[in-house]
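See structure below.
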Amino acid sequence: MRNILFGLAAIALTTICSCNGNKSADTETSAVTEEKDSMLYGLSCDGTNDSVIVFLPFGNGVDPITYNIETAKRMGRIIGQPQIGDWVGIKINPEDSTEATMVVDLDQLKGTWTFEVRPTWKDATKMSKRALRRKLNEIPDSLKEAYLVPREYGFTLKRSSVASPVGYVMQISSLEDDSPVEYPTLKHYTGCK
């Protein structure tokens, strides 16, 4: 279940994220080619049901357009359940302009998406199982509970393509250097590449 949620969140984050072409200092100096976002963004309107989506694209005051979504539904490419007034992203079939090949309900993806990580003992990889067991038996249970506190990592998605990290520790303190446990490293994303 967790993998499905993170898969959906990853799809949403990549469709929401718009690349601005800025390169960080650690990026290679070679040219980076970017693909244009092929999703259309707008609102789901009255008349949307299991087989069609009535879509009002953002901008230029156009009328709502009805797209067939039966094939996308069969292929599992509808993320969320579009309701009237929800912000959605759709991908149009290049061969049939009346069919949407993917629908993402962006409003249903809003919220905080986290996963729990547990620390491990720093010396555990260098010790045999027997030595680790002996070491753990020497530590009082109250200290084990104090050190083995899980953390939640993840992100919060908001409307208008805004994402913020959850649980990210910006800098390592001297307390963490002295701690007998270590947490898994978290990847730090600053934009699309």
Side-chain angles (χ1 to χ4, degrees), residues 1-24 27-28 30-117 152-168 184 186-193:
M1 178 70 176
R2 183 184 297 168
N3 291 339
I4 293 171
L5 289 176
F6 284 110
L8 293 176
I11 290 171
L13 197 53
T14 56
T15 57
I16 292 173
C17 183
S18 62
C19 300
N20 60 7
N22 293 340
K23 297 178 187 175
S24 60
T27 310
E28 293 180 10
S30 63
V32 176
T33 58
E34 295 178 12
E35 282 187 34
K36 184 180 176 199
D37 187 4
S38 61
M39 295 288 279
L40 297 176
Y41 299 97
L43 297 174
S44 177
C45 298
D46 190 20
T48 297
N49 58 41
D50 289 341
S51 59
V52 297
I53 184 165
V54 181
F55 179 75
L56 178 64
F58 291 139
N60 298 348
V62 294
D63 290 333
I65 305 165
T66 302
Y67 294 102
N68 183 337
I69 58 171
E70 289 177 352
T71 305
K73 187 169 188 149
R74 266 195 313 272
M75 295 177 63
R77 298 201 51 167
I78 297 182
I79 301 176
Q81 296 175 342
Q83 304 294 317
I84 297 170
D86 283 356
W87 285 30
V88 294
I90 65 172
K91 204 174 249 193
I92 307 299
N93 185 349
E95 298 168 2
D96 182 3
S97 63
T98 63
E99 180 181 47
T101 59
M102 181 176 201
V103 178
V104 179
D105 190 329
L106 301 173
D107 276 345
Q108 290 182 7
L109 292 175
K110 288 186 312 185
T112 302
W113 298 81
T114 62
F115 60 98
E116 189 175 88
V117 295
E152 283 192 342
Y153 290 158
F155 54 89
T156 299
L157 291 176
K158 300 175 186 168
R159 199 170 243 193
S160 299
S161 306
V162 176
S164 58
V166 172
Y168 182 72
L186 180 65
K187 292 182 180 179
H188 182 78
Y189 298 99
T190 57
C192 297
K193 288 187 178 182

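Scanning for side chain to side chain contact (heavy atoms under 4.5 Å, CB included) contacts around K110 gives D107, R159, with sequence neighbours left out. Scanning for side chain to side chain donor-acceptor pair (under 3.5 Å) contacts around D86 gives an empty result, with sequence neighbours left out. Take N68 and apply the side chain to side chain donor-acceptor pair (under 3.5 Å) test, not counting sequence neighbours, and it matches no residue. Shown here are the salt bridge (Lys or Arg N to Asp or Glu O under 4.0 Å) partners of D46, two or more places apart in sequence or in another chain: there are none. Residues forming a side chain to side chain contact (heavy atoms under 4.5 Å, CB included) with V52 (at least two apart in sequence, or on another chain): N49, T66. The side chain to side chain contact (heavy atoms under 4.5 Å, CB included) test applied to D63 returns no partner, not counting sequence neighbours. Listed by chain and residue number, nothing satisfies the side chain to side chain donor-acceptor pair (under 3.5 Å) test with Q81 (two or more places apart in sequence, or in another chain).
Atom CD1 of I90 sits about 9.5 Å away from atom OG of S44, to the nearest 0.5 Å. Here T101 contributes atom OG1 and I69 contributes atom CD1; the two are 11.5 Å apart, rounded to the nearest 0.5 Å. Rounded to the nearest 0.5 angstrom, E99 CD and I53 CD1 are separated by 13.0 Å. From I79, atom CD1 reaches atom CD of Q108 across 11.0 Å, with rounding to the nearest 0.5 Å.
Pairs of residues two or more places apart, or lying in two chains, never qualify as salt bridge (charged side-chain N to carboxylate O under 4.0 Å, His left out) while including a residue from residues 87-97. Annotation: ring-ring contact (aromatic ring centres under 6.0 Å, His included) contacts involving residues 47-69, sequence neighbours excluded, comprise F58-W87.
For the pair T48 (side chain) and V54 (backbone), a donor-acceptor distance under 3.5 Å is present.
At least one side-chain heavy atom of P57 sits under 4.5 Å from a side-chain heavy atom of I65.
The heavy-atom pair separating E70 from S51 by the smallest distance is OE2-CB, 3.2 Å. The heavy-atom pair separating P64 from L56 by the smallest distance is N-CD1, 3.9 Å. Scanning both residues, A100 and A72, for their nearest heavy atoms gives O-CB, 3.5 Å. Across every non-hydrogen atom of G85 and L43, the tightest pair is O-CD2, 3.7 Å.
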